[in-house]
Amino acid sequence: MPKSFFVDLSRCTACRGCQLACKQWNMMPAEDTKQTGTYQNPPDLSAKTIRVVRFTEHKVDGALRWLFFPEQCRHCIVPPCKAVSDSYVEGAITQDDTTGWVQHTPLSAKLTEEQRLEVKEACPYNIPRWDPADGILRKCTMCWDRVPQGLKPACVATCPTGTMNFGERDEMLALAKQRLAEVKKKFPKAILVNPDDVSVIYLAHVDPKLFYDYLMADAGGPGPMDRKTLFAQVFSPLRHLG
Ligand code: SF4
Ligand code: SF4
């Protein structure tokens, strides 16, 4: 059965328990960072931080709001990162038929710098990061080493507020719709973000652009590769010549 996350941003308190649990479970080391005037730390995703809680402040409907966005790979239903990487190195990125999770493999180290950039640019959510130490792509794995044992992903097991949820896709979609109806009473502009395209369904209680450019595909970042460009990238027979 396909699996999905439901992430209710209206409930996140930015405790960063999920960020730490992810690091701990995946045995990823701390990063050497500097105070930059925000509680967001580290400042971005990296090969050592495949889940980061983003902080922003905005005035929404006259009230100052702190907005928190726990960011991770969306495990897209049809992952454009895989479409592009398959055209260069088959098996560098894989997708599981049962769960739907999208995994990077050690074969991703075979992609050239230029090809890595193309894979990154194909991602509508600006997720892939490459490990300078071994050249392998690093991103959320949907806890492939917990879920088959009946455990929840580490971030979900840790979240104390009900922000992070995980289970069968139909159950998560039903929960997302139920929460949307509830949240809309207080935040009428609340939406589910690209729910038909991803296995990580965010509920944004205010405009997704306010959280982060890449929270929603086409929300203000470069957005997903348009179909014409994707087709040219993946299928052009001439691109492998010269
Ligand atoms: Fe690939 Fe990006 Fe989708 Fe993750 S979010 S599956 S990296 S395209
Ligand atoms: Fe937000 Fe839950 Fe992560 Fe804390 S553990 S930052 S409440 S998603």
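Atoms within each ligand, like the ligands themselves, are counted from 1 in listed order. Throughout, residue positions are numbered sequentially from 1 according to the sequence presented.
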Close-contact set for ligand 2 against [X] heavy atoms, below 4.0 Å:
X: P160; value: 5 (S)
X: R16; value: 4 (Fe), 6 (S)
X: P70; value: 8 (S)
X: M164; value: 8 (S)

Side chain to side chain, [X] and [Y], heavy atoms closer than 4.5 Å:
X: R179; Y: R11; value: yes
X: P160; Y: C15; value: yes
X: R16; Y: K23; value: no

- prompt: Counting heavy atoms only, which of V53, T161, T158 comes nearest to atom 7 (S) of ligand 2?
  reply: T161
message: So, 2.8 Å as the limit: is an N/O/S atom of C155 located closer than that to atom 2 (Fe) of ligand 2?
response: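 Looking at C155, which is the residue asked about, there is no N, O or S atom under 2.8 Å from atom 2 (Fe) of ligand 2.
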statement: Tightest non-hydrogen contact, residues Y202 and R74, listed as CE1-NE, 3.4 Å
- prompt: What is the minimum heavy-atom distance between R169 and I201, and which atoms define it?
  reply: NH1-CD1, 4.0 Å
field: Ion pair E57/R65, N-O distance below 4.0 Å
entry: no
task: Give a yes or no on whether a salt bridge exists between D131 and K48, defined as a side-chain N under 4.0 angstrom from a carboxylate O.
output: no
task: Please assess T163 against T161 for the test side chain to side chain donor-acceptor pair (under 3.5 Å), listing each intermediate value before the final yes or no.
output: CA-CA 5 Å; T163 304; T161 63; 2.6 Å; yes
task: Kindly confirm whether atom 4 (Fe) of ligand 2 is within less than 2.8 Å of some N/O/S atom in C18?
output: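 It does not; every qualifying atom lies at 2.8 Å or beyond.
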Of the protein's non-hydrogen atoms, which lies at the shortest distance from [atom], and what is that distance?
atom: atom 2 (Fe) of ligand 1; value: C123 SG, 2.3 Å
atom: atom 4 (Fe) of ligand 1; value: C73 SG, 2.4 Å
atom: atom 5 (S) of ligand 1; value: R74 N, 3.3 Å
atom: atom 1 (Fe) of ligand 1; value: C81 SG, 2.3 Å
atom: atom 6 (S) of ligand 1; value: C76 N, 3.4 Å

query: What atoms in ligand 1 come closer than 4.0 Å to a heavy atom of Y125?
result: 5 (S)
task: Determine, using heavy atoms of A21 and all atoms of ligand 2, whether some pair is separated by less than 4.0 Å.
output: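 Distance cut 4.0 Å: A21 fails for ligand 2.
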- prompt: Between R11 and ligand 2, which residue portion shows a heavy-atom distance shorter than 4.0 Å: side chain, backbone, both, or neither?
  reply: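 No part of R11 comes within reach of ligand 2.
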query: Should the pair F5 and H75 be assigned to parallel (<30°), tilted (30 to 60°) or perpendicular (>60°) ring geometry?
result: parallel
- request: Would you sort out whether R54 and Y212 count as a side chain to side chain donor-acceptor pair (under 3.5 Å), showing the intermediate values?
  value: CA-CA 8 Å; R54 296 188 180 276; Y212 181 51; 3.3 Å; yes
